[in-house]
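Nothing fancy with the numbering, it's 1 onward along the sequence.
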Amino acid sequence: QLTRLSRSDFGIPHDKFVFCCLNNIWKISPLEMDAWAIILNRVDDGVLLLYVDNLKARQNIMNEASIRGIAIDRIFFLERTNYEN
């Protein structure tokens with residue numbers, strides 16, 4: 001049986017629409033950041049969930065988001081997890 005996780009397990013608000021990208025970090029380029037900025041700047045209740053387990057990469061993404069007018073509290077990060085029952 002799988003463990004059921006909720007948004008609150010990751011600090012993600014329940015009242016927001018979650019856009020996510022669970023690709024490897026090297027697939028996130030300025031082009032993707034531009035696209036997410038357009039989306040998040042149009043969807044007020046949207047947040048972005050990314051799979052990034054590297055602190056430097058997280059900092060870079062938050063910097064790039066800020067440059068594009070995205071508040072960093074709208075970006076959430078996942079790390080590799082090993083949830084067991």
Side-chain angles (χ1 to χ4, degrees):
Q1 182 179 16
L2 295 176
T3 300
R4 186 174 178 102
L5 301 173
S6 71
R7 293 175 182 220
S8 60
D9 292 319
F10 302 100
I12 302 169
H14 288 277
D15 62 342
K16 303 295 182 188
F17 185 89
V18 180
F19 297 95
C20 67
C21 176
L22 305 177
N23 286 324
N24 291 318
I25 188 65
W26 61 268
K27 293 183 178 182
I28 299 175
S29 74
L31 182 63
E32 283 76 30
M33 291 300 300
D34 290 342
W36 290 327
I38 291 168
I39 292 166
L40 291 175
N41 285 321
R42 291 184 181 171
V43 180
D44 292 335
D45 67 342
V47 296
L48 180 59
L49 175 63
L50 301 171
Y51 167 70
V52 181
D53 59 1
N54 174 301
L55 182 59
K56 183 64 175 171
R58 287 182 184 198
Q59 291 169 338
N60 289 339
I61 287 171
M62 290 188 291
N63 288 340
E64 292 297 320
S66 293
I67 290 168
R68 291 165 174 79
I70 303 168
I72 59 172
D73 64 349
R74 296 180 69 193
I75 300 177
F76 295 85
F77 298 102
L78 293 178
E79 295 180 356
R80 184 173 306 274
T81 59
N82 292 317
Y83 284 94
E84 296 181 21
N85 292 328

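Residues Ala37 and Ile70 come closest through the heavy atom pair CA-CD1, 3.4 Å. Here the closest heavy-atom approach between residue Ala57 and residue Ile25 is recorded as CB-CG1, 3.8 Å. Between Phe76 and Pro13 the shortest heavy-atom distance is CZ-CD, 3.5 Å. Shortest non-hydrogen contact noted between Phe19 and Gly46 is CE1-CA, 4.2 Å. Scanning all heavy atoms of the two residues, the minimum distance from Glu32 to Lys27 falls at OE1-O, 3.4 Å. In plain terms, the two heavy atoms of His14 and Ser8 that are nearest each other are NE2-CB, 3.8 Å.
Taking 4.5 Å as the limit, some side-chain heavy atom of Leu48 sits within range of a side-chain heavy atom of Leu50. Asp53 is listed as a side-chain neighbour of Tyr51, based on a closest heavy-atom distance under 4.5 Å. Put simply, the side chain of Pro30 reaches to within 4.5 Å of the side chain of Arg68, judged on heavy atoms. The shortest distance between side-chain heavy atoms of Phe77 and Ile61 falls below 4.5 Å. Between Leu49 and Leu78 there is a side-chain heavy-atom pair separated by less than 4.5 Å.
Taking a 6.0 Å sphere around CD1 of Ile72, one finds it holds 12 or fewer heavy atoms contributed by other residues, nucleotides or ligands.
Expressed to the nearest 0.5 Å, how far CG of Asp44 lies from NZ of Lys16 amounts to 8.5 Å.
Note: the hydrophobic cluster containing Val47 does not contain Val43 (ILVMFWY, side chain heavy atoms under 4.5 Å, direct or indirect links). In the hydrophobic clustering of ILVMFWY residues, with side-chain heavy atoms under 4.5 Å counting as a link, Ile75 and Leu22 come out apart. Placement of Ile28 and Ile67 in two distinct hydrophobic clusters is found when ILVMFWY residues are connected by side-chain heavy-atom separations under 4.5 Å, directly or transitively. Connection of Ile39 to Ile12 is not established within any shared hydrophobic cluster, with ILVMFWY side chains joined at heavy-atom distances below 4.5 Å, either directly or through further cluster members.
Side-chain atoms of Asn41 never come within 3.5 Å of backbone atoms of Ile38 as a donor-acceptor pair (strictly under, hydrogens ignored). Looking only at distances, no side-chain donor or acceptor of Asn24 sits under 3.5 Å from a matching main-chain atom of Trp26. In this structure, Arg74 contributes its side chain and Leu40 its backbone to a donor-acceptor pair below 3.5 Å.
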